[in-house]
Amino acid sequence: MINKFINRKIMKVYTMFILGFIVIAYIVVSNITKELETYIGETLEEVSRQGATVVEYKLSMYEERVERFANFQTIKNKKTPIEDKLEALNRESIKKDFLDIGIIDSDGTGYTVDGKVFDINNIEYFKNIMEKNTTTSGIVDLSINPIDSVIHSSPIYSNGEIIGVVFASSEARQFEQDIFPSLFNGKGNIYILNKELEVIFTSNNRKIKNNNSEDKSENHIKELKYLENNLRNRKIGTLKVDTQDQEIYLGYAPVNNKSNWIMVSVVDASTVSYRANIIIFEILQVVIILFIVLLCIMKYIFNLRKKAEEERVYLAFIDEVTGKTNYSKFTIDAKNILQKRKTNNYAFVYFDIDHFEIINETFGETIGNSILRKVSDIIEEYVPKGAIYTRDYIDFFILLLPYNDNKNEILGLLDDICNKVKNITITGMEGVDIFLTMGIYYETDEELSIRSKINKADTARLYIKGIDTVRYKVFCEDMRLKQIEEIHMSKQIKEALKNNEFEVYYQPKIDVITEKIVGCEALIRWKNNFGEFIMPDKFIPIAEKNGFIHIIDRWVFLRVCSDIKIWNKSGFEINPISINVSRINLYRSDLIELIKEHIKDFEIDPSLIEIEITETIASKDLDLTIKKLNELKSLGLKISMDDFGVGQSSLSNLRMLPIDILKLDRGFIVDIENDSKSRKIIKTIIELAKSLELKVVAEGVENKAQRDYLEALGCDIIQGYYYAKPMDKGSFEKFAFDRNINI
Ligand code: C2E
Ligand code: CA
Ligand code: CA
């Protein structure tokens, strides 16, 4: 979705960029064309003006000389024979400056100084000179010289009467070379018009002798009619002429001398546009290259931004511990999945790792994180298509699983996950099994928020949290009530701790043979404000869930230590006292240190203290349990395994655990009179215990029959109502005193 958004943004910018480019290119091209037109016009005008100046200079040079010759006395004298005149002319002029130089006599016969004679009658040019009395130049073919020439002539006056003409011709090509620069690489034309606006020179075709010239420049001449007025008025200027067949640019300037010629420069618009196109093409090339470079830069920037955006999204949606998608992504996906649901039903599963905090403390965070990663890898491996999962926080995971009608599929899947997780192997933590506690909510109320559905699964999880034998529980509404009760109870426990409402009771353990006290068990009692007793079964499991168990067990330990100290001071002989330590506290890293500290503070002989740990610890985390128990033993304490027979731990485990005493669970004792099977089990356990040199305590013995059976089966010690109920310190002292001196 984000990619789509970014792509749309990029497309928008690109489109704007391309449109902008087209507009700019258009403006640039039209500006260049306009500029070029102006430049062409100015160039043509300048060319015409300069050409005109050169022509002016050239003509005036020749025309002044022929005028001077015409003013020679010898030549002006009517009576001087033509030979003498030619002689004088030859003398005065430098022949090599001219192609031909000569005189035209009044009868219309032409003579050159080198003896050529020709007839000029009917030559308009000379007629004009004679009649109009002007010095001028022109293009006239006198057929006396094969080289094309320009003729410069001046009338000869004698007493106010024209008696002939002095003429001199110069080489037309030379003339042209001097005046015709190359215009637009030869693509332009320059014309020289005489004052009758007839073309007398063109830069392409030197002389226009007749009108049937095939030269293309001919075409241009027609266009001169657009200029007629300007030319006749001898103006300087430039003009763009648009005709049906073509477009041309014209520049014009008059030649200010006696000949009154006019210079006109012409260039075809196609030449201009060709030039313009070349320039435009070159500019466009540069612009396109720049454009492509810019596009590349933009693309690069977009890519960087896109990457950054993707990274941001990635970081926002990735759980950095597991490397999988996080809770935020889970909720988005879950919403989508549930909205688009078809036939599927869905189950929310919420689970955590048992004693994760302890594992983290014992083995370190790196190993803790490896476990979280492995657990999430296992989920990934096992969950079916269409399922999603995430880590919620710390060691809490959520699954959203589709199922058809068969809820057993879900349970099967969860079993698989539990089994696989149990056997995770992590270097540095070998032999430690990992257990999960799972709550399941089969979605019934679609309207609930995702979090509420997760919370329901969590409620089911909490319901069985701490019951190590159950791995998962399905949510039902009644659990809510229990949860509320527990919350209420948690608050009360907190208050009770503050108000000192707890007390330690002692229940004696009696030697079955001597019937003397051989020890006792410390059991906590809670007497609330109303004087009611709240039994440990009610609040210990809750304290185990909310962590208060740590404070409770510590408080009991301190109280027992303090009582031992008092009894010690009073001179009582003391038997070992067993103190219950919740399996949750067993794994705490500070347990050993605390016990050590208390024993030291109260100056207690450690052999007077037995630690009772429930059997369930033997069914899991065996290596860790052995390690912890050995640490306790190293302090000089004795270890008693409580409730043996409940946790289904194998008898072989018993061999591996460093324990001193085995306490048979009350459940066996209840049936002992009626159930021969129970008796058989007890017998086996006692025999095994004996072989391991363990003392056996039977608890919950309520009557003589039970006591006698146990004696017969080889049990050493008996704890139960039959002998004594748990009692407060004072009562216990009295009981002990009555029975024997020892406590
Ligand atoms: P437990 O460790 O198995 O303690 C023995 C329980 O059996 C005691 O219940 C005791 O009163 C009861 N009992 C003893 N003899 C008989 C009998 O003949 N008949 C019957 N019906 N019951 C008998 P209590 O004191 O209610 O304690 C229940 C459980 O609470 C304990 O079971 C123990 O797991 C836990 N608990 C008690 N005090 C503490 C404590 O200070 N710390 C911890 N962590 N747990 C404790
Ligand atoms: Ca116990
Ligand atoms: Ca017990």
Side-chain angles (χ1 to χ4, degrees), residues 466-468 493 496-497 501-510 519-527 532-563 576-588 591 594-595 609-618 638-647 659-673 685 696-707 709-710 715 717-729 731-732 735:
I467 307 172
D468 289 340
I493 296 171
L497 282 166
E501 292 173 18
F502 292 103
E503 215 179 309
V504 172
Y505 271 40
Y506 294 97
Q507 186 178 29
K509 293 181 196 166
I510 309 292
C520 68
E521 180 177 6
L523 294 158
I524 193 163
R525 290 292 175 266
W526 174 10
K527 199 171 169 186
E532 298 162 348
F533 276 101
I534 301 160
M535 294 311 281
D537 288 336
K538 272 244 182 254
F539 65 88
I540 293 283
I542 294 169
E544 282 182 336
K545 275 184 198 171
N546 66 17
F548 291 158
I549 192 65
H550 171 55
I551 306 167
I552 288 174
D553 277 1
R554 198 174 164 194
W555 183 86
V556 172
F557 198 92
L558 280 171
R559 176 50 60 90
V560 171
C561 286
S562 149
D563 286 350
I577 298 172
S578 54
I579 301 170
N580 292 287
V581 170
S582 162
R583 65 192 184 292
I584 289 177
N585 288 332
L586 178 68
Y587 302 104
R588 280 184 73 100
L591 177 82
L594 284 174
I595 291 179
I609 293 177
E610 284 173 14
I611 300 292
E612 285 196 13
I613 310 263
T614 48
E615 187 228 329
T616 45
I617 50 133
K638 290 215 158 56
I639 310 288
S640 171
M641 178 167 278
D642 206 354
D643 303 338
F644 189 80
V646 170
I659 53 171
D660 306 288
I661 300 138
L662 197 74
K663 284 184 91 172
L664 286 172
D665 188 66
R666 191 149 53 91
F668 295 117
I669 317 299
V670 174
D671 295 331
I672 199 166
E673 301 147 85
I685 294 173
V696 179
V697 179
E699 69 178 345
V701 180
E702 292 185 347
N703 55 47
K704 189 164 184 317
Q706 290 170 345
R707 183 218 159 274
Y709 267 115
L710 285 161
C715 179
I717 299 161
I718 282 180
Q719 181 187 342
Y721 294 173
Y722 172 66
Y723 284 114
K725 286 196 168 180
M727 54 195 96
D728 63 26
K729 187 170 157 256
S731 309
F732 178 60
F735 179 85

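Numbering of ligands and ligand atoms starts at 1, following listing order.
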In ligand 1, which numbered atoms sit nearer than 4.0 Å to a non-hydrogen atom of Met535?
-> 26 (O)

When rounded to the nearest 0.5 angstrom, what is the spacing between SG in Cys520 and CD in Gln507?
-> 9.5 Å

Nearest non-hydrogen protein atom to atom 2 (O) of ligand 1, with distance, is Asp642 OD2, 2.9 Å

Heavy atoms only: which of Tyr505, Phe533, Tyr721 is nearest to atom 12 (C) of ligand 1?
-> Tyr721

Go through the side-chain N and O atoms of Ser731 and Asp728 and say whether any donor and acceptor fall under 3.5 Å apart.
-> yes

For Gly700, the ligand 1 atoms whose distance to one of its heavy atoms is below 4.0 Å = 15 (N), 16 (C), 17 (C), 18 (O)

Which one holds for Ile579 and ligand 1: side chain close, backbone close, both close, or neither close, with close meaning a heavy atom under 4.0 Å?
-> neither

Salt bridge or not for Glu544 and Arg583, using N-O below 4.0 Å?
-> yes

Report the part of Ile540 in contact with ligand 1, treating N, CA, C, O as backbone and CB onward as side chain, heavy atoms under 4.0 Å; options are side chain, backbone, both, neither.
-> side chain

Can you list the ligand 1 atoms lying under 4.0 Å from a non-hydrogen atom of Val701?
-> 18 (O)

Would you mind reporting whether Met727 and Pro508 have side-chain heavy atoms less than 4.5 Å apart?
-> yes

Any N/O/S atom, backbone or side chain, of Ser640 lying under 3.0 Å from the Ca ion (ligand 2)?
-> no

Do Asn580 and Glu521 have side chains that get closer than 4.5 Å, going by heavy atoms?
-> yes

Any idea which N/O/S atom from Asp642 gets closest to the Ca ion (ligand 3)?
-> OD1

For atom 43 (C) of ligand 1, grab the closest protein heavy atom and report residue, atom and distance to one decimal in Å.
-> Asp553 OD1, 3.4 Å

For Gly720, the ligand 1 atoms whose distance to one of its heavy atoms is below 4.0 Å | 15 (N), 18 (O)

Metal check, the Ca ion (ligand 2) vs Glu612 N/O/S, cut-off below 3.0 Å | yes

Tell me which one of Glu699, Gln507, Lys538 gets a heavy atom nearest to atom 14 (C) of ligand 1.
-> Gln507

Counting backbone and side chain alike, does Asp665 bring an N/O/S atom below 3.0 Å of the Ca ion (ligand 3)?
-> no

Kindly report the OE2-the Ca ion (ligand 3)-OD1 angle for Glu699 and Asp643 respectively, rounded to 10°.
-> 110°

Side-chain contact test, heavy atoms from C-beta onward, threshold under 4.5 Å: evaluate it for Ile552 versus Phe539 and give yes or no.
-> yes

Below 4.5 Å, heavy atoms only, C-beta onward: do Ile669 and Leu710 meet side chain to side chain?
-> yes

Atom pair NZ (Lys729) and OG (Ser562), whose distance is rounded to the nearest 0.5 Å | 7.0 Å

Who's the nearest protein heavy-atom neighbour of atom 11 (O) of ligand 1, and how far?
-> Pro726 CG, 3.4 Å

Which of these passes ring pair (Phe, Tyr, Trp, His ring centres under 6.0 Å) with Trp526: Trp555, Phe502, Phe533?
-> Phe502

Hey, which atoms in ligand 1 end up nearer than 4.0 Å to a heavy atom of Asp643?
-> 3 (O)

Output the distance between atom CD1 (Ile577) and atom CZ (Phe732), rounded to the nearest 0.5 Å.
-> 6.5 Å

CZ of Arg554 to CD1 of Ile579: how many Å apart, nearest 0.5 Å?
-> 13.5 Å

What protein heavy atom sits nearest atom 10 (C) of ligand 1, and how far away is it?
-> Leu523 CD1, 3.9 Å

Using distance alone, decide if ligand 1 has a nitrogen or oxygen within less than 3.5 Å of any nitrogen or oxygen in Tyr722.
-> no

Can you tell me how far the CD1 atom of Ile611 sits from the CD1 atom of Ile661, to the nearest 0.5 Å?
-> 10.5 Å

With the Ca ion (ligand 2) as the point of reference, which N/O/S atom of Glu521 is the closest?
-> OE2

To which protein heavy atom is atom 19 (N) of ligand 1 closest, and what is the distance rounded to 0.1 Å?
-> Glu702 OE2, 2.5 Å

Quick one: nearest non-hydrogen protein atom to atom 26 (O) of ligand 1, plus distance?
-> Pro536 CD, 3.4 Å

Is Arg525 positioned over the aromatic face of Tyr505, cation under 6.0 angstrom from the ring centre and no more than 45 degrees off axis?
-> yes

Name the closest protein heavy atom to atom 7 (O) of ligand 1, giving the residue it belongs to and the distance to 0.1 Å.
-> Arg666 NE, 4.1 Å

Who's the nearest protein heavy-atom neighbour of atom 29 (C) of ligand 1, and how far?
-> Asp537 OD1, 3.5 Å

Does at least one non-hydrogen atom of Glu521 fall below 4.0 angstrom from an atom of ligand 1?
-> yes

From Ile639 CD1 over to Glu612 CD, what is the distance, rounded to the nearest 0.5 angstrom?
-> 10.5 Å

Would you please test Glu610 and Lys663 for salt bridge (Lys or Arg N to Asp or Glu O under 4.0 Å) and show each step?
-> CA-CA 12 Å; Glu610 284 173 14; Lys663 284 184 91 172; over 6 Å; no

For atom 34 (O) of ligand 1, is the nearest protein heavy atom closer than 4.0 Å?
-> no

Check each heavy atom of Arg525 against ligand 1 and say whether those closer than 4.0 Å belong to the side chain, the backbone, both or neither.
-> side chain

Are side-chain heavy atoms of Ile524 and Arg559 found at a separation under 4.5 Å?
-> no

